[in-house]
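Here is the structure we will look at, set down as structure tokens.
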Amino acid sequence: MSTRRKNGQYWEALPVGADQYQWSMEADGDMVQGPLDMEFLRGQHMSLTLELGQYGLLVRDGALKALYLDGSHHLDIGDQNDQVRTDSLLFFLTTEKSLDFRWTTDNDQGFMTPDGTPVIGRCTVRIEKPARFYHRVLRKLDDFSPENITECIKPLVHNAFKELLNELCEPGCDHSGGLQSSLMMLGAHQLDEHISEHGLYCVSLAAYTAAPPVENCTDQTAGQSADLLHN
């Protein structure tokens with residue numbers, strides 16, 4: 001049975017009984033999948049299976065009603081108070097997928113220090129706090145295609161790095177070795193301070209003044225916190 005989701009793509013719903021469906025995220029899919037309109041499952045039961053790092057977000061009228069963690073969940077869909085309402089939407093998020101961003105002197109997303117020095121770089125981000133990510137990003141969207149979600153995250157990351165760069169270049173700051181050395185000492189955790197409010201965290205970060213050589217520099221990588229919060 002082929003089932004359409006809201007952004008025009010299709011999933012396969014596999015019947016496991018007369019009124020029950022087994023559901024899971026696409027393993028090779030995007031970091032955000034869905035939303036699944038629950039109306040088509042009216043009167044049915046869903047057996048939802050989520051792997052470690054995967055989350056299900058049940059939303060109704062723009063409000064987050066439930067957050068499903070990894071494991072098995074049995075959902076009864078209908079219009080009764082003890083059922084999952086048919087006017088709900090179900091999003092799927094994974095903290096295992098990444099988005100990569102790159103800043104060069106050739107695009108309008110580049111950076112310039114107050115003294116006119118161009119700065120280039122790259123970073124990789126993931127979702128860390130699904131509930132916060134929904135409230136800060138997904139709830140504001142009408143188009144949930146992967147391309148549109150990436151375009152919405154891009155300025156958040158860009159502005160975060162701009163704030164970090166401004167802090168680095170504050171007047172009166174003494175950075176031994178010059179700007180290049182200071183940029184190369186940046187850690188991914190420093191960008192986290194600026195993007196965590198959106199439910200994101202930085203996996204890796206590298207930035208340099210726009211002067212060779214830059215190819216031999218390695219990314220600074222931040223490990224994911226063992227104390228993973230969900231909101």
Side-chain angles (χ1 to χ4, degrees), residues 30-32 93-141 143-144 146-231:
D30 300 293
M31 65 190 299
V32 178
L93 278 64
T94 176
T95 59
E96 301 300 315
K97 300 283 185 176
S98 303
L99 290 179
D100 299 315
F101 298 98
R102 194 175 187 89
W103 307 300
T104 72
T105 56
D106 297 329
N107 59 38
D108 58 1
Q109 295 294 314
F111 298 94
M112 193 79 69
T113 64
D115 65 358
T117 302
V119 174
I120 62 177
R122 61 182 182 273
C123 76
T124 300
V125 302
R126 294 182 182 179
I127 297 172
E128 182 182 26
K129 303 180 187 301
R132 185 178 299 178
F133 179 77
Y134 171 74
H135 287 298
R136 293 301 186 101
V137 180
L138 289 183
R139 187 175 64 173
K140 303 175 182 180
L141 304 182
D143 177 3
F144 303 106
E147 296 78 13
N148 190 56
I149 291 174
T150 299
E151 286 302 308
C152 291
I153 295 175
K154 183 187 298 184
L156 303 180
V157 178
H158 181 273
N159 291 337
F161 183 74
K162 185 176 181 180
E163 292 175 1
L164 182 58
L165 184 61
N166 288 340
E167 291 177 2
L168 192 67
C169 298
E170 283 182 356
C173 290
D174 181 17
H175 297 291
S176 178
L179 179 61
Q180 184 80 288
S181 177
S182 298
L183 288 171
M184 292 177 63
M185 292 176 63
L186 285 177
H189 67 281
Q190 292 169 270
L191 190 65
D192 284 344
E193 299 176 10
H194 298 274
I195 63 173
S196 62
E197 64 180 295
H198 306 295
L200 300 167
Y201 87 103
C202 183
V203 180
S204 64
L205 172 67
Y208 327 92
T209 56
V214 298
E215 293 82 2
N216 297 326
C217 299
T218 58
D219 292 358
Q220 296 290 329
T221 301
Q224 186 173 358
S225 171
D227 184 20
L228 179 63
L229 303 180
H230 307 301
N231 54 28

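Values below: all heavy atoms of this structure, side chains included; hydrogens, waters and symmetry mates excluded.
- Between Leu186 and Leu191 there is no side-chain heavy-atom pair separated by less than 4.5 Å.
- The shortest side-chain heavy-atom distance between Leu156 and Val137 falls under the 4.5 Å cut-off.
- When all heavy atoms are compared, the tightest approach of Cys123 to Cys202 is CB-SG, 4.4 Å.
- The side-chain hydrogen bond (donor to acceptor under 3.5 Å, both in side chains) search around Ser98 returns Arg126, not counting sequence neighbours.
- Rounding to the nearest 0.5 angstrom, the gap separating the CG atom in Leu168 from the CD atom in Gln190 is 8.0 Å.
- By the 4.5 Å heavy-atom criterion applied to side chains, Phe101 and Val125 are counted as neighbours.
- Scanning both residues, Trp103 and Arg122, for their nearest heavy atoms gives CE3-N, 3.9 Å.
- By the 4.5 Å heavy-atom criterion applied to side chains, Tyr134 and Leu93 are not counted as neighbours.
- Looking at residues two or more places apart in sequence or on another chain, you find a side-chain contact (heavy atoms from CB on, under 4.5 Å) between Asn148 and Leu141, Asp143, Ser145, Cys152.
- Remark: Glu151 engages Lys154 in a salt bridge (charged side-chain N to carboxylate O under 4.0 Å, His left out) (not counting sequence neighbours).
- In this structure, CD1 on Ile149 lies 9.0 Å from CG on Leu99, to the nearest 0.5 angstrom.
- Partners of His194 according to the side-chain contact (heavy atoms from CB on, under 4.5 Å) rule, which considers only residues two or more places apart in sequence or in another chain, are Ala160, Glu163, Leu164, Glu167.
- Residues forming a side-chain contact (heavy atoms from CB on, under 4.5 Å) with Thr117 (at least two apart in sequence, or on another chain): Thr113, Asp115, Leu179, Thr209.
- The minimum heavy-atom distance between His158 and Phe111, with the atom names listed, is CD2-CZ, 3.4 Å.
- By the 4.5 Å heavy-atom criterion applied to side chains, Tyr201 and Lys129 are not counted as neighbours.
- Contact between Met31 and Ile127 at its shortest, heavy atoms only, is CE-CG1, 3.3 Å.
- Asp100 contributes no side-chain N or O that, together with a main-chain N or O of Thr124, makes up a donor-acceptor pair within less than 3.5 Å.
- Partners of Arg139 according to the salt bridge (charged side-chain N to carboxylate O under 4.0 Å, His left out) rule, which considers only residues two or more places apart in sequence or in another chain, do not exist here.
- Take Phe133 and apply the ring-ring contact (aromatic ring centres under 6.0 Å, His included) test, not counting sequence neighbours, and it matches no residue.
- Here salt bridge (charged side-chain N to carboxylate O under 4.0 Å, His left out) pairs that include residues 197-206, with residues two or more places apart or in two chains, are Arg136-Glu197.
- Contact record, Thr104 with Ile120: CA-CG2, 3.8 Å, taken as the closest heavy-atom pair.
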